[in-house]
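Have a look at the structure below before the remarks.
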There are 2 protein chains.
Amino acid sequence: MRKKKPSERKTNKLDQSLIVHAAIDIIQEEGIDKLTMRRLAQKLNIKGASLYWHVQDKNELLSLAAEEICQRIQFPDERLPWEEQLLEFGRRCRNTYLQIRNSVHVLVATPPITPYRMHLIHKINRLFELAGFKKEDVFSAGWMLNNYICSFILDEYRLADMESDVGVPDLEREFYFGIDVLIKGFRYKLQEGRTKL
Amino acid sequence: MRKKKPSERKTNKLDQSLIVHAAIDIIQEEGIDKLTMRRLAQKLNIKGASLYWHVQDKNELLSLAAEEICQRIQFPDERLPWEEQLLEFGRRCRNTYLQIRNSVHVLVATPPITPYRMHLIHKINRLFELAGFKKEDVFSAGWMLNNYICSFILDEYRLADMESDVGVPDLEREFYFGIDVLIKGFRYKLQEGRTKL
DNA sequence: ACCTGAACACCGTTCAAGT
DNA sequence: ACCTGAACACCGTTCAAGT
């Protein structure tokens, strides 16, 4: 995307937002493999090559989509105890990731360097800092949490497809089991750090 | 792959193993994106189309590679306490995943339905059963462990690339921090289950 | 039994040319 | 300012044809 003069920016923003939403729709309904520049253009009644006026390349498109998806995740009330914030954050992530089917595929395919995604990371880090984690562990803990949530939901997409097998577990229960394992593990680490002092 | 008479099997097995090893070499040295049927054929001094005599399609090739990779992971001594088995298992996974660079990309791209991979899953499940986990939690715990290890190593590949930033953390330490969080979280769940009885 | 050339139906991306 | 047709350099895969 070339830079725009302020006067152009509004319509352009609308165009980009339109494109991004169309892309998310395709991902949601047909899966990420089906999101091709030509298919997306078709949905917008233009030709594939035209997209490159609005967007630098497919990577930028995916990054915009990822940012859009994350913006639906509100960070919980920071006055709650950190355990409850974590639980609530997990719940909210899962909600939007399930609401926008296959959205996690977009997140793992793009680097978390867009504004709102970085904001969420910052909030999580602050949560662990305030909880009392050592500097080095703050990063690890946030990383673990994000990886747990994303990889769980990715598997949840797959398992939800094949409901044929009776052996499909209660995925909601499984999810919170894992969140709780993390919380209890983190709490242990916190106490371990304290008793050392 | 069509079925082979026993007399043919030996040479064929060798061919397939040759192909799979060449594929792993490409993944290791050039990344999984560079593994194309044509590039692989080139490395074997044949043409792309020829590969389809030895292998059904690219998916089968990746599954064979995944199985090959997993066979390098030995399950630890089962007489150790379950915490130590888990720690050792994590260490061994990380070793082979780092030794064969980008191997985790192969694992996450293929379903874990080949013999040795299922064997490893079975071993992990048995570990959690013997440790005293409830039936439903055995599955969740093994799942968490695998997802943690894989997503960590995937990020480790990326971070190890950009050593430019001084901010790259001590990845070995980070890894065992996470394993320990899981172990301590699991232990809590175990006690929780016991006190309820 | 094993390999090949040529083709098919796709990709992402570029770019001169249109309006 | 925005869109297009045509092309480029790729994919995975198939298949008749060679040896």
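Values reported hereafter were calculated over all heavy atoms of this structure, with side chains retained and with hydrogens, waters and symmetry mates removed. Letters A, B, ... mirror the listed sequences (proteins, then strands); counts begin at 1.
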Take atom [atom1] of [X] and atom [atom2] of [N], then tell me their distance rounded to the nearest Å.
X	N	atom1	atom2	result
B:Leu44	C:dC3	CG	P	10 Å
A:Gln42	C:dC10	CD	C1'	14 Å
A:Leu51	D:dG5	CG	P	14 Å
B:Trp53	C:dA1	CH2	P	7 Å
B:His54	C:dC2	NE2	P	7 Å
B:Ile46	C:dG5	CD1	P	12 Å
B:Lys34	D:dA9	NZ	P	17 Å
A:Gln16	D:dA1	CD	C1'	15 Å

What are the two closest heavy atoms between A:Leu120 and A:Ile73, and how far apart are they?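 Smallest heavy-atom distance, with atoms named: CD2-O, 4.0 Å.
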
Shortest non-hydrogen separation from B:Lys58 to B:Met37 and the atoms involved: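 Residues B:Lys58 and B:Met37, closest heavy atoms: CG-SD, 3.9 Å.
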
Would you write out the dot-bracket form of DNA chain C, 5' to 3', with Watson-Crick and G-U pairs under 3.5 Å, [ ] for crossing pairs, | for pairs to other strands and . for unpaired bases? ||.|||||...|||||.||

Once the angle between the rings of B:Phe186 and B:Phe128 is folded into 0 to 90°, is it parallel (under 30°), tilted (30 to 60°) or perpendicular (over 60°)?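 Aromatic pair B:Phe186/B:Phe128 classed perpendicular.
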
Electrostatic pair A:Lys189:A:Glu192 at N-O distance under 4.0 angstrom: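 Looking at A:Glu192 together with A:Lys189, the answer is yes, because their closest N to O distance falls below 4.0 Å.
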
Is A:Phe139 linked to B:Tyr157 within one hydrophobic cluster, defined over Ile, Leu, Val, Met, Phe, Trp and Tyr using a side-chain heavy-atom separation of less than 4.5 Å?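 In one cluster: yes.
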
Given A:Trp143, which of B:Phe152, B:Phe177, B:Tyr148 fulfils the ring-ring contact (aromatic ring centres under 6.0 Å, His included) condition?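 For A:Trp143, the ring-ring contact (aromatic ring centres under 6.0 Å, His included) check succeeds only for B:Phe152.
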
Test B:Tyr188 against A:Tyr188 for ring-ring contact (aromatic ring centres under 6.0 Å, His included), laying out the working first. CA-CA 9 Å; B:Tyr188 178 92; A:Tyr188 178 92; over 10 Å; no

B/S/- along nucleotides 12-19 of chain C (protein heavy atoms under 4.0 Å) is BBBB----

Please identify which of these residues, B:Arg101, B:Arg94, B:Arg173, meets the salt bridge (charged side-chain N to carboxylate O under 4.0 Å, His left out) condition with B:Glu156.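 Passing option: B:Arg94.
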
Is any side-chain heavy atom of B:Lys184 closer than 4.5 Å to a side-chain heavy atom of B:Asp180?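 Touching, per the 4.5 Å side-chain cut-off.
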
